[in-house]
Novice: 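First the structure, which I've put down as structure tokens, then a few questions once you've had a look.
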There are 2 protein chains.
Amino acid sequence: MKSEKISDAVVRRLPVYLRFLNELSFREVSTVSSQELGQKLDLNPAQIRKDLAYFGDFGRKGIGYDVAYLIEKIRQILNLDQQINVALVGAGNLGQALSNYNTYLKDNMKIVAVFDASEKKVGQKINSLTVQPIEDLGATVKRFNIRIGIITVPDFEAQRVADQLIDAGIEAILNFAPTILKVPAEVRLHAADFTTDLLSLAYYLGDGKEALTNES
Amino acid sequence: MKSEKISDAVVRRLPVYLRFLNELSFREVSTVSSQELGQKLDLNPAQIRKDLAYFGDFGRKGIGYDVAYLIEKIRQILNLDQQINVALVGAGNLGQALSNYNTYLKDNMKIVAVFDASEKKVGQKINSLTVQPIEDLGATVKRFNIRIGIITVPDFEAQRVADQLIDAGIEAILNFAPTILKVPAEVRLHAADFTTDLLSLAYYLGDGKEALTNES
DNA sequence: TAGATTGTTAATCGATTAACAATC
DNA sequence: TAGATTGTTAATCGATTAACAATC
């Protein structure tokens, strides 16, 4: 299979596959079936096979998928066979927390620069990175070939920061601020706003309202 | 409209509506149409009308929606007309960052207890809350009627913490650890793992692979 | 009244799942 | 060979969007 357009739902599952495959690899498991994957990841095995088949024939009938080979392929698909440099804008608590994941998420993605608007923050060290003034954003993005920006500034600054990132030539943005950003179509934007997640959870709290289903 | 089962996609948009409506209210805008909402939130107006109509006839033909009334209704739908107590497990950087949003997200959701397994953390103050040992989780959850748990512990501890939260009678979990948790069907689980988000962004980086579309 | 906008049905679009021939 | 499992088509399911009568 080739040259269909891949839906975002599919793309978002690839890192989930990758993560579990890495774990299997670490445990020296060499082969895995879509059924095992599905069980562990709470996904339908047919869906997993279909997802992978968009990108190539990675499995072997009767056998399953070779773990090492599939890891390699998914990393290629996700462009993680090259180092991807990331900028973090906003050196507050959340920004600092994210920068700690630097080692953790490795996988060739790396936060290589941290920016903040506040004079107090500029010059501080965060995980071996020195916080730079926002004014340096354009120059630094170009110099280090930074392609993804993470926004962890307060919501009222988020759009401005996004605009600056886009001006600097960034290709994708992960936005933690609880606001809807406007970006040109060629810039990929993912929202990572946890307040939305948390508030929506409240809907499901039992309440009498609709706690009763037809079981028992 | 009543008594259809509401999809999660719909539920997750409600906090987004609520947030923007709060902003309108602050700006003393009293009425809003689905078209305006759609424009601002990047959603189809028909979808917004349909979403809201699942829960009642909140709008007025020819006029639109009364901002204050709609806020009240959405808050009721999301169970935010009562205070919802939240526990945070994991007082690391991310946990501390989230607890700072306490004031921010208000809306009747409140982190009222913080837990950590490490002796170093226990007893420390985080935003006026004293970090408690995980052993106290069951008792504290019951005493304070805590209904939602946020997990910000390392991935290898996440399942154990989830089990403890569930034992304690929690009804919903927001999981920041990059791992798939197994929870019983009656517990609502949302994943808030930003590494997945970030890795999936890399897929969209221009690369020659599929950078060329039919524009230009 | 004329213009605007809802609530809702029908049409469309897209994503998930089932089923199975191919084949290891 | 018999059993297992893929890749893929067809069926199903669900979500989004268009269209429009009702009505403010």
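So that the names make sense, note that chain A is the first sequence line, chain B the second, and so on, each numbered from 1.
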Novice: Taking atom P of C/dT5 as reference, at what distance in whole Å does atom CD of B/Gln39 sit?
Specialist: 12 Å
Novice: Taking side chain as C-beta onward, heavy atoms only, is A/Ile134 less than 4.5 Å from A/Asp116?
Specialist: no
Novice: Would you say B/Ser34 reaches C/dT6's phosphate, i.e. side-chain N/O to OP1/OP2 under 4.0 Å?
Specialist: yes
Novice: CZ/B/Arg12 to OG/B/Ser7 distance, rounded to the nearest 0.5 angstrom?
Specialist: 10.5 Å
Novice: Send over the distance from B/Leu70 CG to C/dT6 P, rounded to a whole Å.
Specialist: 11 Å
Novice: For DNA chain C, whose closest nucleotide is more 5', that of A/Arg49 or that of B/Glu36?
Specialist: B/Glu36
Novice: Could you spell out the base pairing of DNA chain D as a dot-bracket line? Use Watson-Crick and G-U wobble contacts where both distances are under 3.5 Å, [ ] for crossing pairs, | for partners on a different strand.
Specialist: ..||||||||||||||||||||||
Novice: side-chain contact (heavy atoms from CB on, under 4.5 Å) with A/Tyr65: which of A/Arg49, A/Glu36, A/Lys73?
Specialist: A/Arg49
Novice: So, A/Asp163 versus A/Gln159: side-chain donor-acceptor pair below 3.5 Å or not?
Specialist: yes
Novice: Return the value, rounded to whole Å, for the distance between atom CG of B/Asp57 and atom P of D/dC24.
Specialist: 11 Å
Novice: Taking atom types as modelled, is there a side-chain donor on B/Asp8 or A/Tyr204 under 3.5 Å from an acceptor on the other?
Specialist: yes
Novice: Round to a whole Å and report the spacing from CG of A/Asp42 to C1' of C/dT17.
Specialist: 15 Å
Novice: Working to the nearest 0.5 Å, report the span between OG1 of A/Thr196 and CG of A/Asp193.
Specialist: 3.5 Å
Novice: A/Ile48 has an atom CD1; how far is it from atom C1' of D/dT5, in whole Å?
Specialist: 13 Å
Novice: Where do N or O atoms of nucleotides 10-15 of chain C meet protein N or O atoms at under 3.5 Å, pair by pair?
Specialist:
none

Novice: How many angstroms lie between CD1 in A/Ile77 and CD1 in A/Ile6, if you round to the nearest 0.5 Å?
Specialist: 8.5 Å
Novice: Taking atom CD of A/Gln39 and atom NZ of B/Lys182, what is their separation to the nearest 0.5 Å?
Specialist: 7.5 Å
Novice: Under 4.0 Å from any atom of DNA chain C, heavy atoms only: list the residues of residues 58-68 of chain B that qualify, in numerical order.
Specialist: B/Phe58, B/Gly59, B/Arg60, B/Lys61, B/Gly62, B/Ile63, B/Gly64, B/Tyr65
Novice: Measure the CG-CG distance between A/Leu174 and A/Leu88 for me, rounded to the nearest 0.5 Å.
Specialist: 10.0 Å
Novice: Taking atom types as modelled, find out whether A/Asn100 and A/Asn127 have a side-chain donor-acceptor pair closer than 3.5 angstrom.
Specialist: yes
Novice: Over how many whole Å does the gap from A/Gln35 atom CD to D/dG3 atom C1' extend?
Specialist: 13 Å
Novice: Please report the interatomic distance CG(A/Leu41) to CD1(A/Ile48), rounded to the nearest 0.5 Å.
Specialist: 5.5 Å
